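Just follow the structure's listing: the first ligand is 1, and inside any ligand the first atom is 1. Owing to the predicted nature of the structure, the values given are computational and were not obtained by experimental measurement.
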Amino acid sequence: MNKTIEKIVSLCKQRGFVYQSSEIYGGFGAVYDYGPLGVELKNNIASYWWREMTQIHENIVGLDSGILMHPKIWEASGHVGEFHDPLVDCKQCKSRYRADELSDDIENEKWDKIKCPKCGTTGMMTSPRQFNLMFKTQVGPVEESGSTAYLRPETAQGIYVNYQLVQGSTRMKIPFGIAQIGKAFRNEIIARNFIFRTREFEQMEMQYFVKPENDNEAMREWKKKRVNFYTETLGINEKNIRFHEHVEGELAHYAKEAWDIEYNFPFGWSEIEGIHNRTDFDLARHEEYSGKNLKYFDQVANERYLPYIIETSAGLNRMMLAVLSDAYWEDTENNRTVMKLHPKIAPIKAVICPLVKKDGLPEKARAIVDVLRPHFNILFDQQGSIGKRYYRQDEAGTPYGITVDHQTMEDNTVTLRHRDTQKQDRIAIDDILNIIQSSLV
Ligand code: ATP
């Protein structure tokens, strides 16, 4: 099967998972909108992440901080000074490139001798210029110095600047964690690969505060837990998940150790989540810039220190693209495309179909809909042939098809069709809820 990103993009649009933003105006670069199925799938993934991070961990709590924050936060974090990419422009055709795309040695490259990959002109390339990835905005009615704010490029800083307040209100003892899901914005120069790299996206980050000497142990623990989330919770094939360690030169300025979890996308292995040992870099910088003491008082050891932070930082949209890519299956034998989503994250759990639109079958099907609807998302469909109805739902990733036929009217049984195998069982109406619910764990 030739699984390409183009095929996934097309299915996502047709079925209502993801649309290009502002399409009727010709689109808006690197921003996407999530349709009826997409928003359900994205919310399901996010709620499993939230559940695993907060509900089942006694020592991790949630936070929802603002997108706009004090601009000094971004000076302290290093984003104002360091968060940029070197860019070159072709003066002939105005194309813009990230310098590292055209040369492995940005510093020593003879940029005036480089040929533009788009228009083919040599000698028109500018030298690299630094381009900051943060979106700037103005706060207040007039543009004046001091009114500049930034759309946050990561959610993590909202956690660092609130960590003492959270600790104070919860009385949590180290080690403890704070989790957050929220939008982040980066003015990515080269945005590509659908929802993999966009200018507006959602992050799911958890910052784990530990005693400095326990950092390696916490790092090991979180690497294991996070990889299990992909294979066990989301049901992604473990052959498509791997770790990549950041070596010298790749490590961010704040990190002592960093690992990416990568997924084998149709366009190659790429990062979906980073697990970083950020040491006390962030808290030390916020102490320096805010002038506030951010040390934690450890009652057991009777000492004050800045905790080390182990961060797990995932992109929700990238995670969803990994889930979609993993689920995409062309069943050539049966001439259909199936999204083999795990039932627990599937946007719709079952489609209920009256075989024909008469003889009381639609009413009987509606009665089943009424029983199931309070428990999970389902769909009533009586349009077109039964085969077509099933195939539409195969593309939507709906795991079950329930058909009400003439026998139903006699003995209160229905057929239950399984999406991946197309196997059909005859079951009692009274058993439907239990059967579906037990597959959602
Ligand atoms: P990349 O190297 O791919 O730009 P990064 O190393 O800058 O990513 P982090 O700053 O570690 O990424 O952000 C953590 C996570 O946030 C990433 O693993 C990714 O899932 C997500 N993410 C970062 N930038 C984007 C983006 N532009 N669009 C969608 N998701 C993103």
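Scanning all protein heavy atoms for the shortest distance to atom 6 (O) of ligand 1 gives E271 OE1, 3.3 Å. Summary of contacts: the protein heavy atom closest to atom 10 (O) of ligand 1 is R186 NH2, 2.9 Å. For atom 29 (C) of ligand 1, the closest non-hydrogen atom of the protein is F196 O, 3.2 Å. Distance from atom 19 (C) of ligand 1 to its nearest protein heavy atom, with residue and atom name: R318 NH1, 3.4 Å. In this structure, the protein non-hydrogen atom closest to atom 28 (N) of ligand 1 is T198 N, 3.0 Å. Remark: minimum distance from atom 16 (O) of ligand 1 to any protein heavy atom is reached at Q203 NE2, 3.2 Å. Distance from atom 22 (N) of ligand 1 to its nearest protein heavy atom, with residue and atom name: F201 CE1, 3.5 Å.
Heavy-atom distances between N317 and ligand 1 stay at or above 4.0 Å for every pair.
N43 meets the side chain to side chain donor-acceptor pair (under 3.5 Å) test with no other residue; sequence neighbours excluded. With sequence neighbours left out, Y150 forms a side chain to side chain donor-acceptor pair (under 3.5 Å) with no residue at all.
By the criterion of a heavy-atom distance under 4.0 Å, both the backbone and the side chain of R197 are placed next to ligand 1. Counting heavy atoms closer than 4.0 Å to ligand 1, residue H276 contributes side-chain atoms (C-beta onward) but none from N, CA, C or O. Contacts with ligand 1 closer than 4.0 Å are made by backbone heavy atoms (N, CA, C, O) of E273 only, the side chain lying farther away.
Between Y296 and F176, the ring planes lie tilted relative to each other; the angle falls in the 30° to 60° range. Taking the six-membered ring where tryptophan is involved, the planes of F265 and F267 are essentially parallel, since the angle between them stays under 30° and well short of 60°. Taking the six-membered ring for Trp and thresholds of 30 and 60 degrees, Y254 and H276 have ring planes more than 60 degrees apart, a perpendicular arrangement.
Among the candidates Q203, E271, E273, the single residue satisfying the side chain to side chain contact (heavy atoms under 4.5 Å, CB included) test with R318 is E271.
Where the criterion is an N or O separation shorter than 3.5 Å, residue side chain and backbone included, I195 fails it with respect to ligand 1. Note: an N/O pair closer than 3.5 Å links G315 and ligand 1 by distance alone.
For ligand 1, the atoms sitting less than 4.0 Å from at least one non-hydrogen atom of S313 are 13 (O), 14 (C), 15 (C), 18 (O), numbered in the order shown with element in parentheses. Residue-ligand proximity, E188 to ligand 1, at heavy-atom distances under 4.0 Å covers atoms 24 (N), 26 (C), 27 (N).
Figure legend: R226 and F229 shown as a cation-pi pair, the cationic atom lying under 6.0 angstrom from the six-membered ring centre and within 45 degrees of its axis. For the pair K223 and F243, the cation sits on the ring face: its NZ or CZ lies under 6.0 Å from the ring centre, inside 45° of the axis. Cation-pi contact between K344 and Y48: present, with separation from the ring centre below 6.0 Å and deviation from the ring axis of at most 45°.
Between R278 and Y160, the side chains place a donor N or O and an acceptor N or O closer than 3.5 Å (distance only, hydrogens not considered).
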